[in-house]
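Note that the coordinates shown come from a computational prediction; the quantities given were computed from them, not determined experimentally. Keep in mind that the numbers below use all heavy atoms, side chains included, and drop hydrogens, waters and symmetry copies.
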Amino acid sequence: MEFTASQIASFIDGQIIGDESTVITGVSPIENGESGHLSFIAQDRFSHFLDTSKCSVIIVSEKLIDKVTYNPTLIVVKDAYLSFQILMNLYQEMQGRKEGIENGSSIHDTAVVGDKVYIGAFTYVSEKAKIGEGSQIYPHVYIGKGVKIGKNCKIDSGARIYDYCIIGDNCVIHSNTVVGGDGFGFQPTAEGFKKIPQLGNVIIEDDVEIGSNCSIDRATIGSTIIGKGTKIDNLIQIAHNVKIGQNNVIAAQAGIAGSTTIGDWNQIGGQVGVVGHIKIGNQVKIQAQSGVNSSVGDRETLYGSPAISYNDYLRNYVHFRNFTEIVKRINNLENTSKDKTNE
């Protein structure tokens, strides 16, 4: 597709500095700009690219403008990063959505499929499953018995949605993620560990996105719940009966043990481990690789393993880095004290 600077500015309510008829045919990162391409600058540390980038058109935050003329054509907006996101979403919508049922897919007679749905080849839709209007189910997806999928969802190739799980509207589940596998429940006996039946399900509310290769276990009884607007990165384990609130973000390789409750608007970093049967409040920030082994109140920032207040961790870490030298100094003081005592 080709767009002029003027057309792009109209999409994001931008002001043009330069030639409004400049045509772009692609998009580049600002560090590797190409002629005929569009990029953006939202932070001061990249502002030098306003004079050196080969991009033909650059979307730029108004706070970074400090002169009248520039080599590329600029589209000046309040927030360049947000404006660029708007453009990307518009471009994605222009690509259109697939519709129809491809050969090789299998849909049970009792399944209900809404209008304008796409079901890719080799996908299996089990009995009494329901797929909402406009949803896209890509090839090699398994949808279990009684599963309910809402409107305008996207389930990527290789995902597995086990029996009786519920997915809301506008959700995205990336490749090879398993929703509703058995929770890790075993009872120790004299003969060994006996499996506890996992009879619950998983409920994923509206506007949730789940990355690839995640495992979200079904509840033993009741439901494992992922709240509205929550975004989950790749390679994440969420155990049985976990309840996650609204608008959380959880980064890659985090693991949340069973029956833990997490509130709203939390940020959980990569490789964080959370033990089971605790509560995490709202607006909590947990730094990468932290281990959380007790309940956490609202608006705390944690670091370390076991996790403590982020500021306390940084203060203590200064001493930890110098621990060997501190020990030497203590030993020297003790030896000096002994020498004086023996005099």
(request) Among F40, F11, Y91, find the one that has a ring pair (Phe, Tyr, Trp, His ring centres under 6.0 Å) with F84. (result)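 The passing option is F40.
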
For the [atom1] atom of [X] and the [atom2] atom of [Y], what is their distance to the nearest 0.5 Å?
X    : Y    : atom1 : atom2 : answer
I203 : K243 : CD1   : NZ    : 8.5 Å
R329 : T336 : CZ    : OG1   : 12.5 Å
L74  : C55  : CG    : SG    : 11.0 Å
I262 : T260 : CD1   : OG1   : 6.5 Å
I236 : Q253 : CD1   : CD    : 9.0 Å
Q136 : D156 : CD    : CG    : 9.5 Å

Minimal non-hydrogen separation, [X] against [Y], with atom names:
X    : Y    : result
D217 : Q237 : OD2-NE2, 3.1 Å
A80  : I41  : CB-O, 3.2 Å
N266 : Q283 : OD1-N, 3.1 Å
G150 : S135 : O-OG, 2.6 Å
A111 : S126 : CB-O, 3.7 Å
D169 : D206 : N-OD1, 2.8 Å

(message) My understanding is that only one of I225, N248, I204 makes a side-chain contact (heavy atoms from CB on, under 4.5 Å) with T230; could you say which?
(response)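 Answer to the side-chain contact (heavy atoms from CB on, under 4.5 Å) test with T230 among I225, N248, I204: N248.
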
(message) I'd like to know if the side chain of R97 and the backbone of G134 have a donor-acceptor N/O pair within less than 3.5 Å.
(response)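 Checking the backbone N and O of G134 against the side chain of R97, a donor-acceptor pair under 3.5 Å is found.
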
(message) Donor-acceptor check, side chain of Q198 to backbone of I196, threshold 3.5 angstrom: yes or no?
(response)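 Checking the backbone N and O of I196 against the side chain of Q198, a donor-acceptor pair under 3.5 Å is found.
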
(message) I'd like to know whether the aromatic ring centres of Y138 and Y118 sit less than 6.0 Å apart in this structure.
(response)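 Yes; Y118 has its ring centre under 6.0 Å from that of Y138.
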
(request) Taking the six-membered ring for Trp and the full ring for Phe, Tyr or His, determine whether the centres of Y310 and Y303 are under 6.0 Å apart. (result)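 Yes; Y303 has its ring centre under 6.0 Å from that of Y310.
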
Does one hydrophobic cluster hold both [X] and [Y], with members joined at side-chain heavy-atom distances below 4.5 Å?
X    : Y    : value
Y142 : F122 : no
I280 : W265 : no
I210 : L235 : no
V57  : Y70  : no
L90  : I75  : yes

When you look at [atom1] of [X], are more than 12 heavy atoms from neighbouring residues, nucleotides or ligands closer to it than 6.0 Å?
X    : atom1 : answer
K231 : NZ    : yes
Q7   : CD    : yes
D13  : CG    : no
Q95  : CD    : yes
I221 : CD1   : no

(request) Any salt bridge (charged side-chain N to carboxylate O under 4.0 Å, His left out) involving residues 19-44? Give me the pairs, sequence neighbours left out, ordered by first then second residue. (result)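 Every pair satisfying salt bridge (charged side-chain N to carboxylate O under 4.0 Å, His left out) with a residue in residues 19-44: there are none.
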
(request) Would you sort out whether T224 and H240 count as a side-chain hydrogen bond (donor to acceptor under 3.5 Å, both in side chains), showing the intermediate values? (result) CA-CA 6 Å; T224 301; H240 56 185; over 6 Å; no

(request) Taking only Lys NZ, Arg NE, NH1 and NH2, and the carboxylate oxygens of Asp or Glu, determine whether D51 and K67 approach each other closer than 4.0 Å. (result)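 Looking at K67 together with D51, the answer is yes, because their closest N to O distance falls below 4.0 Å.
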
(request) Considering only NZ, NE, NH1 and NH2 on the basic side and carboxylate oxygens on the acidic side, decide whether K195 and D182 come within less than 4.0 Å. (result)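 Salt bridge: yes.
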
(request) Kindly assign one of parallel, tilted or perpendicular to the pair F184 and F186, based on the angle between their ring planes and the thresholds 30° and 60°. (result)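 Because their plane-to-plane angle is over 60°, the rings of F184 and F186 count as perpendicular.
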
(request) Classify the side-chain pair H174/S212 by whether it contains a donor and acceptor separated by less than 3.5 Å. (result)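 No, no side-chain donor-acceptor pair sits under 3.5 Å.
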
